[in-house]
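The structure under discussion appears below in the form of structure tokens.
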Amino acid sequence: MESRLPILLHGFCFISLVWQISYALDSISAGQNITDGQTIVSAGGNFELGFFSPGSSNSRYVGIWYKKISAGRVVWVANRENPLNDSSGVLKLTPQGVLTLLNSTNGVVWSSNASRSAQNPIAQLLDSANFVVKEGNDNNLDDAIWQSFDHPSNSFLAGIKFGIDRAKGLDRYLTSWKTADDPSPGDFTYRLDPSGYPQLILRNRSVVQFRSGPWNGLRFSGFPQLRPNPVYSFGFVFNQNEIYYYFNILNSSVPSMLVLNENGIAQRFSWVDRTHGWIVYSSAQTDDCDSYALCGGNGNCNIATSPKCMCLTGFLPKYPSDWEFGDWSNGCVRRTELDCEGRDKFLKYTQVKVPDTRFSWFNENMNLRECERTCLRNCSCTAYSNLDIRGQGSGCLLWFGDLMDIRQFNENGQDIYVRMAASEVGGSSGNPGARKRTGIIVGTVLSTVLLLGIAVVFTKYRRDGWIFGVSHQSHSEDLDLPLFDLATIVNATNNFSEDNKLGEGGFGAVYKGVLRNGQEIAVKRLSENSRQGQVEFKNEVVYIAKLQHRNLIKILGCCMEVDEMMLIYEFLPNRSLDCFIFDEEKGVSLDWRERFTIINGIASGLLYLHRDSRLRIIHRDLKAENILLDNEMNPKISDFGLARSFGGNESEANTKRVVGTYGYMSPEYAIHGLYSIKSDVFSFGVLVLEIVSGKRNRGFSHPDSHLSLLGYAWTLFRDGQSMELVDPSIASTLNSMEVLRSIHVSLLCVQQNPRDRPEMSSVVTMLVSDSTLPHPKQPGFFSEESFSEASSSSGGPRQIYSANQMTISSVQPR
Ligand SMILES: *[C@@H]1O[C@H](CO)[C@@H](O)[C@H](O)[C@H]1NC(C)=O
Ligand SMILES: *[C@@H]1O[C@H](CO)[C@@H](O)[C@H](O)[C@H]1NC(C)=O
Ligand SMILES: *[C@@H]1O[C@H](CO)[C@@H](O)[C@H](O)[C@H]1NC(C)=O
Ligand SMILES: *[C@@H]1O[C@H](CO)[C@@H](O)[C@H](O)[C@H]1NC(C)=O
Ligand SMILES: *[C@@H]1O[C@H](CO)[C@@H](O)[C@H](O)[C@H]1NC(C)=O
Ligand SMILES: *[C@@H]1O[C@H](CO)[C@@H](O)[C@H](O)[C@H]1NC(C)=O
Ligand SMILES: *[C@@H]1O[C@H](CO)[C@@H](O)[C@H](O)[C@H]1NC(C)=O
Ligand SMILES: *[C@@H]1O[C@H](CO)[C@@H](O)[C@H](O)[C@H]1NC(C)=O
Ligand SMILES: *[C@@H]1O[C@H](CO)[C@@H](O)[C@H](O)[C@H]1NC(C)=O
Ligand SMILES: *[C@@H]1O[C@H](CO)[C@@H](O)[C@H](O)[C@H]1NC(C)=O
Ligand SMILES: *[C@@H]1O[C@H](CO)[C@@H](O)[C@H](O)[C@H]1NC(C)=O
């Protein structure tokens with residue numbers, strides 16, 4: 001009798017200890033359960049599993065969420081389709097190794113589907129967020145009886161194999177939540193499609209919205225932005241049994257995951273820290289050209305041209321009238337039928353996303369020549385490319401029938417050879433369609449040609465003193481730029497005297513000068529050893545020489561002598577916008593009326609760049625310093641050094657480095673080098689908020705919060721307090737209708753997702769009309785610190801530019 005008590009006590013203590021430990025720790029074993037209110041936490045404390053209610057819902061779900069960082073962010077849900085109505089739920093591990101979720105009447109609400117039964121199972125939450133049922137002593141995940149990583153919800157986490165395991169009968173793919181309050185499967189799926197040559201396909205129910213394109217050894221063909229980066233490494237496995245995409249986190253302090261959101265957008269998030277939260281690191285779908293088959297069969301989508309869709313060379317719109325009206329969906333047909341007797345030729349396109357590979361054929365061992373021959377032998381083969389583009393390239397991929405969903409990139413695209421009737425091929429290769437159409441932003445080949453062209457032009461005409469000194473109305477593609485000789489400039493600037501110096505930029509100085517006829521000029525002089533400068537200098541020549549608009553700075557000519565490269569502009573006496581709006585005293589002299597005129601002027605200059613100029617240009621460095629003011633305080637956009645086109649192999653080097661000015665750069669550009677007209681729209685929005693508030697976005701910090709100027713403006717807007725943002729020095733002059741409209745429009749411009757931002761054409765009308773405007777979503781870079789993250793994540797010239805807020809044409813007297 002006497003001896004039993006201690007034993008019982010001992011037994012009791014042991015049991016309670018086990019329970020305590022199992023909750024504090026990371027697993028349950030057979031027969032044990034987790035009730036609503038209890039949780040288990042992974043060993044390192046990264047993730048927690050238990051019951052939760054999403055958003056404003058009262059339903060109860062079992063899920064896994066971040067614990068240490070970003071507490072509460074759910075990454076996996078068990079009973080997505082079958083919520084519990086109350087807190088009676090119990091998650092239990094059966095002795096056979098099946099997880100079951102029971103309601104109050106012991107009805108099975110959800111269960112895991114064990115592949116086999118277990119001896120001594122435990123269910124353990126790992127630090128990767130993987131919830132694993134396994135034999136207690138076996139840590140090999142390949143032997144797991146069941147794991148949540150094989151059944152993802154809407155989040156692709158490091159460690160998940162996104163794709164297919166034929167041997168195990170697994171297909172791991174993402175399904176969006178219905179809404180933020182309802183994790184049940186929504187309309188969108190993002191799934192590996194193994195047919196033909198595998199690619200990831202994002203669907204709205206059964207309708208394809210977007211595809212990644214096939215893996216080309218370096219990345220998916222449709223993800224030019226996927227490249228080595230400091231946050232994660234990635235790869236693709238393709239063998240008999242398994243086809244999957246995976247990634248690994250490089251620094252455990254900087255988690256990252258890909259989420260398919262309720263609107264069908266797949267975005268990669270990266271964690272910064274508690275104050276900054278998650279930021280969108282990149283997005284699969286970045287612009288209209290990512291919409292599946294926007295241009296129909298045999299069309300090519302180029303976001304930098306207008307219209308976006310073009311037929312491949314030798315193809316014509318199937319229905320020309322639809323095509324004219326912007327309905328490109330029926331695509332293009334051949335002008336000349338194929339001959340199929342072996343006389344057909346191939347036309348090479350570079351820097352493209354290759355067409356849909358669901359109906360393709362491939363061979364890993366063929367080289368490109370064998371690939372071409374194989375294609376020629378089969379009359380229905382319409383194009384070929386390398387399978388793997390690393391090094392010299394290897395393998396063979398063949399397409400049959402119409403080529404669907406091709407798009408043109410500026411960089412990180414790949415080559416494809418499209419079959420043509422011999423009579424359609426003029427001997428040359430390259431992207432012939434693009435050449436006719438536009439200009440410069442288009443692609444590598446073209447801009448190389450152009451830059452070379454300029455060099456030739458300069459050399460050729462130096463002797464004569466003029467470069468195509470014809471009229472400014474000339475519509476020829478030739479440059480139209482007067483050439484000044486060095487002696488003239490030396491004289492005008494007093495031999496580049498310090499007294500004439502207006503400012504110093506990233507690649508040289510700007511001087512004021514007076515020509516003999518009395519005209520005042522500004523001279524931008526490239527310093528001798530700036531290689532980057534040369535690229536930007538040439539770039540600026542190419543663009544600005546062809547632009548004419550009253551809200552763009554006017555170039556008067558250039559000067560190229562042995563060691564000198566200079567650009568000569570009209571001189572604008574009132575300097576740049578930043579001198580006024582950020583200066584308390586001078587700010588007063590710029591009243592609301594003038595500010596509103598300036599806002600509209602910038603919008604109209606930018607619209608011209610984006611849409612109406614012959615070149616269609618993305619400026620990439622719009623900021624207060626680059627808005628110069630003339631006698632009447634009209635704004636003139638200046639500095640086209642970064643309005644980028646890419647030349648030959650320079651493209652990679654340059655675009656790995658995100659150049660521009662920090663504080664004005666959109667998140668997708670700052671973080672991933674992804675730019676479009678929508679990144680200019682973002683900068684424009686920032687600029688407008690600065691003009692209205694008299695505060696710099698960069699460096700702004702609200703005393704009570706970590707909000708950026710954008711975050712602060714948005715919060716005020718949301719609370720109906722927008723007028724609090726207004727610069728006190730213009731308070732007496734303002735028209736509150738215009739002020740509110742300007743703020744509203746600017747908030748639309750700085751929305752996180754480029755797709756949500758309006759184009760400049762809408763901005764221009766929105767600013768002056770009184771139509772109802774949509775409600776802006778939370779801006780990109782909501783909090784001030786998220787800038788710091790962006791700036792520290794890559795090196796290169798950004799630091800140079802951000803250091804002093806200035807590039808070379810920002811004319812600032814000293
Ligand atoms: C869960 O475990 C507790 C503690 O052992 C037990 O009292 C309860 O009956 C279990 N619930 C279910 C549904 O198994
Ligand atoms: C929740 O309640 C609804 C009706 O109110 C019922 O149809 C459903 O089966 C319940 N779900 C669970 C898991 O008990
Ligand atoms: C429990 O779940 C079962 C099966 O899903 C269902 O039939 C039953 O109505 C549920 N009970 C309650 C009280 O919701
Ligand atoms: C469970 O597995 C069986 C056979 O392996 C399959 O038929 C069934 O659909 C699976 N159920 C779930 C919910 O995955
Ligand atoms: C998804 O498809 C439905 C029709 O099936 C459509 O109403 C909806 O707008 C689509 N969503 C998107 C984001 O395209
Ligand atoms: C990981 O990231 C943290 C936070 O950004 C940083 O402090 C740390 O130096 C990084 N570690 C490595 C090895 O890069
Ligand atoms: C050409 O390729 C298609 C698609 O792979 C195939 O069905 C057809 O049999 C091939 N024709 C010849 C003549 O090889
Ligand atoms: C510029 O030319 C004028 C007239 O020829 C001359 O008087 C003046 O000294 C020159 N200035 C410089 C700096 O060479
Ligand atoms: C201009 O200055 C350079 C050195 O600063 C000097 O070598 C040159 O002779 C000067 N030219 C004139 C015309 O004064
Ligand atoms: C702008 O420049 C003109 C001409 O130099 C001058 O008259 C005017 O006062 C300047 N405006 C401001 C606001 O400085
Ligand atoms: C570009 O390519 C050419 C020839 O392929 C090579 O000579 C040159 O060094 C390359 N330039 C850069 C910046 O890589």
Side-chain angles (χ1 to χ4, degrees), residues 35-36 51 58-62 78-92 99-111 184 195-197 338-342 344 355-363 366 370-384 396-404 419 502 512 514 518-522 553 570-598 601 624 627-636 691 694 727 729-730 733 811-813:
T35 58
D36 200 333
F51 290 79
N58 292 319
S59 300
R60 302 298 286 168
Y61 296 88
V62 167
N79 54 321
R80 295 181 74 175
E81 294 168 82
N82 214 1
L84 290 152
N85 296 330
D86 52 32
S87 56
S88 65
V90 179
L91 181 68
K92 209 172 160 175
L99 287 163
T100 52
L101 178 59
L102 306 174
N103 64 11
S104 54
T105 54
N106 277 344
V108 176
V109 172
W110 173 86
S111 84
S184 62
S195 42
Y197 197 66
L338 294 176
D339 145 277
C340 277
E341 301 288 332
D344 294 332
D356 197 344
T357 47
R358 278 181 292 169
F359 310 102
S360 63
W361 176 93
F362 67 93
N363 179 302
M366 281 185 185
E370 291 162 336
C371 192
E372 173 175 351
R373 280 202 294 262
T374 311
C375 186
L376 270 182
R377 277 199 295 270
N378 185 326
C379 191
S380 48
C381 177
T382 46
Y384 70 91
C396 174
L397 188 51
L398 300 185
W399 283 265
F400 304 92
D402 286 339
L403 302 170
M404 298 301 286
R419 187 178 194 160
L502 294 168
K512 184 184 173 178
V514 185
Q519 184 179 11
E520 292 182 313
I521 56 172
I553 180 116
E570 59 180 333
F571 175 75
L572 297 177
N574 283 332
R575 303 187 285 157
S576 49
L577 186 56
D578 58 308
C579 305
F580 291 93
I581 57 174
F582 302 135
D583 184 304
E584 253 178 60
E585 268 175 42
K586 304 193 85 186
V588 182
S589 64
L590 204 57
D591 65 16
W592 172 251
R593 187 102 304 283
E594 284 172 311
R595 289 189 195 208
F596 194 56
T597 309
I598 289 170
I627 306 297
L628 304 182
L629 299 167
D630 72 5
N631 290 344
E632 285 143 11
M633 302 303 277
N634 291 310
K636 309 256 184 182
I691 294 172
D727 187 348
S729 57
I730 53 167
T733 63
V811 178
Q812 292 188 323

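Every number for a ligand or one of its atoms is a count from 1 in the order of the listing.
For K92, there are no salt bridge (Lys or Arg N to Asp or Glu O under 4.0 Å) partners two or more places apart in sequence or in a different chain. With sequence neighbours excluded, the residues that form a side chain to side chain contact (heavy atoms under 4.5 Å, CB included) with T374 are W361, M366, R377, L398. For E585, the side chain to side chain contact (heavy atoms under 4.5 Å, CB included) partners are D583, not counting sequence neighbours.
For W361, the closest heavy-atom approach to ligand 7 does not fall below 4.0 Å.
At least one donor-acceptor pair closer than 3.5 Å links the side chain of D344 to the backbone N or O of D339. Counting only distance, with no hydrogens or angles, the side chain of D727 and the backbone of I730 share no donor-acceptor pair below 3.5 Å. Between the side chain of S360 and the backbone N or O of W399, no donor-acceptor pair lies under 3.5 Å.
Within ligand 3, the atoms closer than 4.0 Å to a non-hydrogen atom of S104 are 13 (C), numbered from 1 in the order shown. Close approach of ligand 3 to N103 (heavy-atom distance below 4.0 Å) involves ligand atoms 1 (C), 2 (O), 3 (C), 8 (C), 10 (C), 11 (N), 12 (C), 14 (O). For ligand 7 and N378, the ligand atoms under 4.0 Å from any heavy atom of the residue are 1 (C), 2 (O), 3 (C), 8 (C), 10 (C), 11 (N), 12 (C), 14 (O).
Note: an N/O pair closer than 3.5 Å links T105 and ligand 3 by distance alone.
A salt bridge does not link R593 with D591: every distance from a Lys NZ or Arg NE/NH1/NH2 to an Asp or Glu carboxylate oxygen is 4.0 Å or more.
Under 4.0 angstrom from ligand 7, there are no non-hydrogen atoms of C381.
The 12-atom threshold is not exceeded at CG of N58, counting heavy atoms of other residues, nucleotides or ligands nearer than 6.0 Å.
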Find all protein N or O atoms under 3.5 angstrom from an N or O atom of ligand 10 and list the pairs with distances, or write 'none'.
unit_1    : atom_1 : unit_2 : atom_2 : d
ligand 10 : 2 (O)  : N574   : OD1    : 2.5
ligand 10 : 2 (O)  : N574   : ND2    : 2.6
ligand 10 : 11 (N) : N574   : ND2    : 3.4

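Note that CG of L628 and CD of E570 are 8.5 Å apart. Values are rounded to the nearest 0.5 Å.
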